[in-house]
Amino acid sequence: MLSLDYIRQNPTLVKAAAKNKNRQVDIDKILKLDEKRRTLILKIQKLREERNLLAKQKVDDNVINRGKQIKENLKMLEKELTAVEQGLNNLLYEVPNPAANDVAIGTDETDNIVVKKYKEPTIFDFKPLDHLDIGEKLEIIDVSTAGKVSGTRFAYLKNEAVILEFALVQFALKILINEGFIPVIPPVLIKKEITDKLGYWQAGGNEDYYWVHEPQESQGLYLVGTAEHSIVPMHMNEVLLEKDMPKRYVGFSSSFRRESGSYGKDTRGILRVHQFDKVEMVSFVIPENGDKEHDYLLSLEEKLFQALQIPYQVVKMCSEDLGFPAARKYDIEAWIPSQNKYREVTSTSTTTDFQARRLNIKYRKKGETQFVHILNGTAFAIGRTIISILENYQQPDGSVIIPEVLRPYTGFEKIAKKS
RNA sequence: GGAAGGGUCGCAUAGUUGGUCUAGUGCGUACGCCUGGAAAGCGUAUGUGGCAGCAAUGCUACCGCGGGUUCGAAUCCCGCCCCUUCCGCCA
């Protein structure tokens, strides 16, 4: 959410920013409602003031009569104000976070910019298989059984893949805890109220997220699309102390996505599934350090993939590809030999003070309070990381070598065919 | 799921026969005095949002959240959320 004040002072800028993200918002209506709101507030305050003074006087018929009058007037005006404010808030919630100044204005992925490459694409002297072929042959990925039990876009990880998952988790935790991140396993179900503030409904709502509820119940809970969704609100309605900043968390959780807008896309294997596990970073920092923190999160993501020795490129997203709350976003795309291209494996965004304003998360600085900047970044999206390992480390005999840094955690160096 | 108790301005607490609570006290924090320097002591200040104003400042809302009763509610009534204890169930 942007501050009304900011919109009032920069209406043209905000309009342009929304357009750059291809979002429809009626800024003029916001300004009109804001004016109406202030007129009403003025009237209401005057009446309340009179009421408060009246309540201090000796009670007589005049006091009671005037009091009743005020009560009636207030009831009407307050009702009107509530309606105006609700309308205003609904509109405000639809205004996207403007892209940062250094972000290219663009409409789709062709406008994204590759800012960095690590290693050359893996070369094989045999025809590389894709992750599902490898996984099925090694009996470590099973989507057909999952189809029977859960449907499409689900998978069983088995045998060495399970060990590999926990190795990745432990490796990431080790590095990030060492950097001062607080490890956390968050809830994966969150209240509706939280989804409102996180912008689930602007992001895609029921198209994107699962709703869990009792058969007869209308409220219920929502499954998180990423650990970020239950980690960021940890500090909702709090004022953090400057000495505790920055506050960084590394969370492990399953993530759930409906993927209802992606029929027919990436249907093979576990690249795009309804449920996957992820190690996720979240930072709360003072505004001055927001940009620096974004570089930092990206550097950590790179460090992790460099440790795995997997070729990748870093892509800086253009305005329309940022999504609703992000001001800047970098993806790491790992080389996927079977597709002969790079595919997204991590993503880091700064939401500047946009999320903080919605969730009311501030910090105190010499008596003053300010909204913090909130950033997030993927450490390992396990499924896709496993894909990148299987594909880049596959051998002519169908086996897969384990990246060296993970071996202390897996206890084996290679996944081979079962005899 | 059942029973009881509870949620107060950073933390801890006072305040429930409605008006003196626009919320008291202690701790913490900030500044000042004192001191060679510090501690202690003393003094002062110290919540968040909104509206008006160039500003000083004023007004207003907020005592878990949302409604209601009343001229007037932290205090009474209703619904919800959360916490604690006991019971039941349970990985």
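Because only heavy atoms are used, hydrogens play no part in the values below, and waters and symmetry mates are left out as well, while side chains stay in. Letters go in sequence order (proteins before strands), and every chain restarts at 1. The structure presented is a predicted model; accordingly, all values stated were derived computationally and were not measured.
- At the phosphate of B:C51, neither OP1 nor OP2 sits under 4.0 Å from any side-chain N or O atom of A:K43.
- In this structure, A:H294 and A:Y330 have tilted ring planes: the angle between them lies in the 30° to 60° band.
- No donor-acceptor distance shorter than 3.5 angstrom exists from the side chain of A:H229 to the backbone of A:L198, with no hydrogens or angles considered.
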Extract from the structure each pairing of a protein N or O with an N or O of nucleotides 56-61 of chain B at less than 3.5 Å, listing the distance.
{"from": "B:C59", "atom 1": "O2'", "to": "A:E49", "atom 2": "OE1", "distance (Å)": "3.4"}
{"from": "B:C59", "atom 1": "O2", "to": "A:Q45", "atom 2": "OE1", "distance (Å)": "3.3"}
{"from": "B:U60", "atom 1": "OP1", "to": "A:N52", "atom 2": "ND2", "distance (Å)": "3.1"}
{"from": "B:U60", "atom 1": "O2'", "to": "A:R48", "atom 2": "NH1", "distance (Å)": "3.2"}
{"from": "B:A61", "atom 1": "OP1", "to": "A:R51", "atom 2": "NH2", "distance (Å)": "3.1"}

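- Of the residues in residues 68-85 of chain A, those placing a heavy atom less than 4.0 Å from an atom of RNA chain B are A:K68, A:K71, in numerical order.
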Look for any protein N or O under 3.5 Å of an N or O in nucleotides 10-12 of chain B and output each such pair with its distance, or none.
none

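- Applying the salt bridge (charged side-chain N to carboxylate O under 4.0 Å, His left out) test to every pair with at least one member in residues 288-302 of chain A, sequence neighbours left out, gives these pairs: A:K116-A:E302, A:R248-A:E293, A:E288-A:K365, A:D291-A:R328.
- Using a 4.0 Å cut-off between charged nitrogen and carboxylate oxygen, A:D28 and A:K15 count as a salt-bridge pair.
- Taking atom CZ of residue A:R37 and atom P of nucleotide B:G49, one finds them 14 Å apart after rounding to whole Å.
- Taking the nucleotide of RNA chain B with the nearest heavy atom to each of A:K56 and A:R38, the more 5' of the two is matched to A:K56.
- Here salt bridge (charged side-chain N to carboxylate O under 4.0 Å, His left out) pairs that include residues 69-78 of chain A, with residues two or more places apart or in two chains, are A:R48-A:E78.
- Heavy atoms of A:L42 sit under 4.0 angstrom from primed sugar atoms or phosphate atoms, though from no base atom.
- Applying the salt bridge (charged side-chain N to carboxylate O under 4.0 Å, His left out) test to pairs two or more places apart or on separate chains, those with a residue in residues 166-188 of chain A are A:E179-A:K303.
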